Amino acid sequence: MTAMKIRDDVAVVELREVTKRYGGITAVDGVSFTVPPRSIVALVGDNGAGKSTVSKIIAGAVHPEEGEVLVNGEVRKSIDPTEVRRSGIEVVYQDLALAPNLDVATNLFLGRERVRALGWLDRSGMRREARELLSQLDVYVPSLSTKVERLSGGQRQAIAIARATHWAQSLVVMDEPTAALGLRETRKVEDLMATLRDRGLSVLVVSHNLDQVFRLSDRILVMRRGALVSQFETAKTSSEEVVATITGVM
């Protein structure tokens with residue numbers, strides 16, 4: 001995979017007046033924002049605010065009726081998730097999109113298997129690369145041969161994030177990455193998110209955990225009833241101000 005050059009003068013992703021409707025319901029209403037290079041941007045709001053729909057639009061899984069999505073400064077023509085991945089964007093969904101009956105190494109290369117001459121899978125090469133990746137990210141699993149269904153929730157989450165880390169070249173979108181995890185596993189996932197930023201990538205994280213948002217993010221986007229109602233620099237706001245904006249008090 002050829003490395004993508006990340007430009008500091010262009011947003012990794014930009015939404016311009018994006019709207020998505022389901023019948024008579026407007027799930028996303030004229031949303032515009034940017035995700036700068038090398039940053040963690042948090043998307044927050046109550047249930048039904050439109051956060052997950054926005055993440056799916058960026059992932060190419062949902063097609064907006066109106067507006068534009070720009071990737072690295074260029075208007076995205078295709079909405080196919082495969083093309084989105086080729087543009088350097090990876091997504092960690094709430095259900096993780098892992099194959100539970102397959103082992104760790106296979107999941108890390110799912111859909112992107114290494115192939116040797118005559119079409120044989122390069123299993124040893126994939127295991128070697130998987131071992132190096134997990135070591136770099138300080139992710140522990142009992143064995144690369146362990147089936148994912150036998151891992152803890154935190155380990156599965158770490159595998160999904162490790163896969164995104166391995167293939168992403170500009171942005172990782174995460175939808176509630178620690179919602180079902182304990183304190184220790186949550187901290188491990190947060191460390192992996194910070195590692196992504198340290199490596200020059202950006203992260204767009206959908207989260208209800210405001211403590212986590214304030215620990216990690218550089219910018220906070222607040223959605224309410226499908227609309228983006230406010231944007232904050234994390235260092236210049238407070239949880240009280242963000243909560244008031246989420247609930248409509250401000």
Side-chain angles (χ1 to χ4, degrees), residues 1 40 51-52 55-56 58-62 80-116 119-199 201-209 212 216:
M1 181 172 58
I40 297 179
K51 308 181 301 298
S52 291
S55 68
K56 290 175 182 176
I58 294 174
V62 169
D80 178 71
T82 300
E83 290 300 319
V84 171
R85 290 195 295 269
R86 288 174 182 163
S87 72
I89 297 172
E90 290 289 326
V91 183
V92 180
Y93 294 104
Q94 281 184 277
D95 64 3
L96 304 183
L98 297 173
N101 61 324
L102 298 179
D103 63 35
V104 171
T106 302
N107 268 277
L108 288 171
F109 288 88
L110 201 62
R112 289 166 165 141
E113 291 80 4
R114 302 289 194 218
V115 180
R116 297 187 294 184
W120 292 97
L121 287 178
D122 184 8
R123 297 187 185 278
S124 60
M126 289 190 290
R127 288 181 181 278
R128 182 173 59 253
E129 200 169 334
R131 188 177 297 107
E132 292 173 357
L133 172 64
L134 297 183
S135 176
Q136 290 170 3
L137 296 176
D138 193 26
V139 173
Y140 169 77
V141 293
S143 167
L144 292 175
S145 301
T146 302
K147 290 185 177 180
V148 164
E149 64 189 0
R150 297 179 181 173
L151 299 178
S152 70
Q155 288 171 328
R156 289 194 294 269
Q157 191 79 48
I159 294 303
I161 294 175
R163 183 173 62 188
T165 302
H166 189 54
W167 297 108
Q169 298 186 69
S170 59
L171 174 69
V172 178
V173 180
M174 299 186 183
D175 192 352
E176 297 289 356
T178 61
L181 303 183
L183 183 61
R184 179 182 176 187
E185 293 177 326
T186 293
R187 189 52 58 94
K188 171 63 73 173
V189 171
E190 290 180 358
D191 288 345
L192 289 174
M193 292 166 64
T195 297
L196 288 171
R197 179 176 53 189
D198 293 343
R199 293 187 172 189
L201 280 71
S202 294
V203 177
L204 177 65
V205 56
V206 175
S207 179
H208 280 92
N209 186 335
Q212 177 183 85
L216 291 173

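All values derive from a computational prediction rather than experimental measurement.
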> Let me confirm one number: the CG-CG distance from Leu102 to Leu108, rounded to the nearest 0.5 Å.
11.5 Å
> Hey, what do you get for CG (Leu98) to CZ (Arg156), rounding to the nearest 0.5 Å?
8.5 Å
> If you count heavy atoms of other groups shown closer than 6.0 angstrom to NZ of Lys188, is the number above 12?
yes
> Okay, side chain of Arg114, backbone of Asp122: is any donor-acceptor separation there less than 3.5 Å?
no
> How far apart are the C-alpha atoms of Gln212 and Thr178, what are their side-chain angles, what is the distance that settles it, and do they pass the side-chain hydrogen bond (donor to acceptor under 3.5 Å, both in side chains) test?
CA-CA 9 Å; Gln212 177 183 85; Thr178 61; 2.8 Å; yes
> Any ion pair linking Asp103 and Arg123 (charged N to carboxylate O, less than 4.0 Å)?
no
> Among all residues two or more places apart in sequence or in another chain, which pass the salt bridge (charged side-chain N to carboxylate O under 4.0 Å, His left out) test with Arg112?
Glu90
> Mind checking the CG-CG spacing from Asn107 to Leu144? Nearest 0.5 Å is all I need.
11.5 Å
> Would you please test Leu171 and Ile58 for side-chain contact (heavy atoms from CB on, under 4.5 Å) and show each step?
CA-CA 10 Å; Leu171 174 69; Ile58 294 174; 4.2 Å; yes
> Keeping to residues at least two apart or across chains, list the ring-ring contact (aromatic ring centres under 6.0 Å, His included) pairs with something in residues 84-116.
Phe109-His166, Phe109-Trp167
> Only counting residues at least two apart or in another chain, list the ones meeting side chain to side chain donor-acceptor pair (under 3.5 Å) with Thr165.
none
> Given Val205 and Val172, is the side-chain contact (heavy atoms from CB on, under 4.5 Å) satisfied, shown in steps?
CA-CA 8 Å; Val205 56; Val172 178; over 6 Å; no
> I'd like to know whether Arg127 forms a side-chain hydrogen bond (donor to acceptor under 3.5 Å, both in side chains) with Ser124, so could you lay out the CA-CA distance, the side-chain angles of the two residues, the decisive distance to 0.1 Å, and finally the verdict.
CA-CA 5 Å; Arg127 288 181 181 278; Ser124 60; over 6 Å; no
